[in-house]
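Chain identifiers are assigned alphabetically (A, B, ...) following the order of the sequence lines, protein sequences preceding nucleic acid strands; residue numbering begins at 1 within each chain.
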Number of protein chains: 2
Amino acid sequence: MPKLGMEPIRRKALVDAALRAIGDHGSLDVTMSQIARQAGVSAALAHHYFGSKDRLMVETIRSLLRQLHIDVVAALKAAETPRARLSAVVRISFQADQFSPETISAWLAFYVEAQRSEPMRRLLVVYARRLRSDLVSALKTLCPDEDAARIAEGTAAMIDGLYIRQGLRASPLSIETCVALTEDYLSTQLGKAS
Amino acid sequence: MPKLGMEPIRRKALVDAALRAIGDHGSLDVTMSQIARQAGVSAALAHHYFGSKDRLMVETIRSLLRQLHIDVVAALKAAETPRARLSAVVRISFQADQFSPETISAWLAFYVEAQRSEPMRRLLVVYARRLRSDLVSALKTLCPDEDAARIAEGTAAMIDGLYIRQGLRASPLSIETCVALTEDYLSTQLGKAS
DNA sequence: TTTTATTGATTGATGGATCAATCAAAAATA
DNA sequence: TATTTTTGATTGATCCATCAATCAATAAAA
């Protein structure tokens, strides 16, 4: 019953389904069948469009990063001052849809996969660089360059650290608490360095 | 019977082999055969002693945590002042053998597994609590209680964050840099809070 | 009719788990 | 001391389930 032009629709449905399946399951150890079922199609069709599970996984994280990037760019554009740009980056990192247990699980799973898969690692390195570069460029207008690099590193580490600790659900922190901790680090460091 | 008392020897060899295999491979997706080969025994023997792969995995991370705890306790005992105890915790976290790519890979893999396996999650929660409690108890003697809790949370997040970013190998930081970043956070926060 | 969409059936490989069968040291016995 | 018994240690072979991947066949536009 092929209505034409299904390809982009199916691709998106499959990528979304993969993300949800990975998040629910907490690892990349989800089967093509599970993903396909969630997308309402057969496993064979997933193979037809993506060729292999690996490529579907790569497309999936790529879509996650793309959405994040879109959000960050929009938030940066809306911010008036360098200090506001810093806050924007922090806020986006902890925004609700990025902070659900499923999304955190998915991020963690991708980090692990990056230990083995070079394409996956490359994608995550892009994210890490982009985060740091966003931070550094705003920081450089607020403090000496050496301090900017150091503070960016510390901020990025704190963001990622709050993330994975959230994944453990040992002591769940609210979004506001995470933002406050990071903002506090930024403000204190800037106050010291300027 | 053969040489008696092989059990503890084999168990240790298998746990060590599992840790190495996981680290090398970058995920828990290692086969019992690979682990057993590395330990110089058959896969069947691994099953004989551990019952299942799951249980071997749990024992493996338990051993990792045990060693870490031993190191921390020793370092805490050697420290004279509360401030020195804080530094001891930081130093141990980044000490060389905990900071090798293989060990970082293994930690990441365990974090992911914890999303699915309740026993695994429990073990990691113990680690997270212990780290925080070590930090809080030292901090409480140096600043008000509310500040202590907050600073401990921030410090723990920074430690864990530096860890996983190291795993990505995007911008490798030296051990000293990581220690310096964390120490700087601690000192600055304490200066502000006291 | 040609092309696109779609799937059920099938396969080849992998890996965890099980088991029957050895091996060899220690303990008991003669 | 010599012999027998016992039992932990160990493994190769095998079973069984899972899963990614492939393929042949079908349905519906164009």
Side-chain angles (χ1 to χ4, degrees), chain A residues 1-61 109-110 112-113 116-120, chain B residues 1-61 109-110 112-113 116-120:
Chain A
M1 47 108 168
K3 278 169 285 192
L4 289 216
M6 288 310 279
E7 175 156 358
I9 296 170
R10 294 306 190 204
R11 291 187 89 99
K12 179 168 183 345
L14 282 164
V15 162
D16 289 350
L19 192 56
R20 196 164 353 134
I22 291 166
D24 287 347
H25 193 256
S27 87
L28 295 203
D29 249 340
V30 287
T31 70
M32 290 296 266
S33 307
Q34 290 173 289
I35 296 172
R37 192 176 331 126
Q38 194 130 55
V41 298
S42 72
L45 193 65
H47 273 96
H48 172 66
Y49 282 127
F50 288 93
S52 74
K53 184 183 176 185
D54 266 359
R55 255 176 294 179
L56 172 54
M57 294 294 112
V58 168
E59 285 309 310
T60 301
I61 188 179
F110 286 128
V112 167
E113 185 64 10
R116 190 177 1 167
S117 154
E118 187 55 26
M120 191 69 78
Chain B
M1 346 173 184
K3 276 174 285 188
L4 280 235
M6 279 288 107
E7 176 158 356
I9 296 170
R10 293 306 188 207
R11 291 185 91 99
K12 181 168 183 343
L14 282 164
V15 162
D16 289 350
L19 193 56
R20 195 164 353 136
I22 292 166
D24 287 347
H25 193 257
S27 88
L28 295 203
D29 249 340
V30 286
T31 70
M32 290 295 266
S33 307
Q34 290 174 289
I35 295 172
R37 192 173 333 126
Q38 194 131 57
V41 299
S42 73
L45 192 65
H47 273 95
H48 173 66
Y49 281 128
F50 289 94
S52 74
K53 185 183 174 185
D54 266 359
R55 256 175 294 179
L56 172 54
M57 294 294 111
V58 168
E59 285 309 309
T60 301
I61 188 180
F110 287 127
V112 168
E113 184 65 8
R116 190 179 0 171
S117 153
E118 187 54 28
M120 191 69 79

A:I9 CD1 to C:dA5 P, straight-line distance once rounded to whole Å: 10 Å
Given D:dG8, is OP1 or OP2 found less than 4.0 Å from the side-chain N or O atoms of B:Y49? no
Side-chain N or O of A:R10 less than 4.0 angstrom from OP1 or OP2 on C:dT6? yes
What pair of heavy atoms forms the shortest contact from B:S52 to B:H47, and how long is it? CA-CD2, 4.2 Å
Looking at every heavy atom in both A:L14 and A:I35, which two are closest together, and how far apart are they? O-CG2, 3.7 Å
Value in whole Å for how far the P atom of C:dG16 lies from CG of A:D29: 11 Å
A:M6 CE to D:dA27 P, straight-line distance once rounded to whole Å: 18 Å
With side chains defined as the heavy atoms from C-beta onward, is the minimum distance between B:D54 and B:M120 less than 4.5 Å? no
Using whole Å, what does the distance between atom P of nucleotide D:dC19 and atom CG of A:L56 come to? 15 Å
Heteroatom pairs (N/O) under 3.5 angstrom, protein to nucleotides 17-21 of chain C:
{"residue": "C:dA17", "atom": "OP2", "partner": "B:H47", "partner atom": "NE2", "Å": "2.9"}
{"residue": "C:dA17", "atom": "OP2", "partner": "B:K53", "partner atom": "N", "Å": "2.9"}

Under 4.0 angstrom, heavy atoms only, what part of the nucleic acid is A:T31 near: base, sugar-phosphate, or nothing? sugar-phosphate
Non-hydrogen side-chain atoms of B:M57 and B:E113 separated by less than 4.5 Å: no
Taking atom P of D:dT7 as reference, at what distance in whole Å does atom CD of B:E7 sit? 17 Å
Would you mind reading off the distance between A:L14 atom CG and C:dT6 atom C1', rounded to a whole angstrom? 12 Å
Could you state the atom-to-atom distance from CG of A:L45 to P of D:dT22 in whole Å? 15 Å
Pairs where residues 31-42 of chain B contributes a residue and the test side chain to side chain donor-acceptor pair (under 3.5 Å) is met, not counting sequence neighbours: B:T31-B:Q34
Of all heavy-atom pairs between B:K53 and B:L28, which one has the smallest distance, and what is that distance? NZ-O, 3.4 Å
